[in-house]
Amino acid sequence: MNALGRHLLLELFDCDSDAINNLENVKGALVEAAKRAQAPSSTSSSTSSNRFGISGVVVIAESHLSIHTWPEYKYAAVDIFSCGDVLQPEVAANYLVEQFGRRADLRGRCPAGDVPELAVPIVNKPVAVS
């Protein structure tokens with residue numbers, strides 16, 4: 001199947017509460033995960049902390065990585081979206097698991113944009129999704 005992109009949904013369990021409640025730690029891990037996954041160098045990140053944990057996102061030209069943490073439950077939810085075939089979402093996911101989770105569950109891996117016929121040409125190179 002050819003698709004315009006890939007989308008991974010990942011849950012992390014038994015996380016280190018201090019690690020997922022540290023704003024700089026979460027922000028740094030998201031940026032590093034994007035780099036390791038071969039994201040284009042033009043990345044920007046935005047994270048916010050509140051009394052319920054941290055929400056963070058790295059947005060790049062063709063994709064995004066996001067995380068939402070619940071330190072009180074030692075839990076984090078991760079969303080990785082990739083257009084085209086440059087970004088390697090599995091590499092980013094594996095890095096975030098190494099950094100935060102003792103146990104991970106891949107909740108979803110789905111093609112994005114499985115459009116058989118488009119009225120305009122596809123600008124991004126489609127990826128083969130198995």
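In terms of heavy atoms, Gln38 sits closest to Leu87 at C-CD1, 4.4 Å. In terms of heavy-atom proximity, Leu8 sits nearest to Glu90 at CD1-N, 3.9 Å.
Between His64 and His7, the two ring planes are perpendicular [angle over 60°; tilted spans 30° to 60°].
For Asp16, there are no salt bridge (Lys or Arg N to Asp or Glu O under 4.0 Å) partners, not counting sequence neighbours. For Tyr95, there are no side chain to side chain donor-acceptor pair (under 3.5 Å) partners two or more places apart in sequence or in a different chain. Scanning for side chain to side chain contact (heavy atoms under 4.5 Å, CB included) contacts around Thr69 gives Ile20, Ile54, Ile67, Pro71, Ala76, with sequence neighbours left out. Shown here are the ring-ring contact (aromatic ring centres under 6.0 Å, His included) partners of His68, two or more places apart in sequence or in another chain: there are none.
Here Ser82 contributes atom OG and Ile60 contributes atom CD1; the two are 7.5 Å apart, rounded to the nearest 0.5 Å. To the nearest 0.5 Å, atoms OH (Tyr73) and SG (Cys15) are separated by 14.5 Å. Atom CZ in Phe81 sits 12.0 Å away from atom CG in Leu65 (nearest 0.5 Å). Distance check: Leu96 CG to Ile80 CD1 gives 5.5 Å after rounding to the nearest 0.5 Å.
Judged as a salt bridge (charged side-chain N to carboxylate O under 4.0 Å, His left out), not a single pair has a partner in residues 67-81 (not counting sequence neighbours).
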Scan the side chains in residues 22-34 for donor-acceptor partners under 3.5 Å anywhere in the protein, sequence neighbours excluded, and list what turns up.
| residue | atom | partner | partner atom | Å |
| --- | --- | --- | --- | --- |
| Asn22 | OD1 | Glu24 | N | 3.1 |
| Asn22 | OD1 | Asn25 | N | 2.8 |
| Asn25 | ND2 | Ala19 | O | 2.9 |
| Glu32 | OE2 | Arg36 | NE | 2.9 |

Note to self: Working note: Val97 + Leu10, criterion side chain to side chain contact (heavy atoms under 4.5 Å, CB included); need CA distance, chi angles, decisive distance, verdict.
What the structure shows: CA-CA 9 Å; Val97 170; Leu10 183 68; 3.8 Å; yes
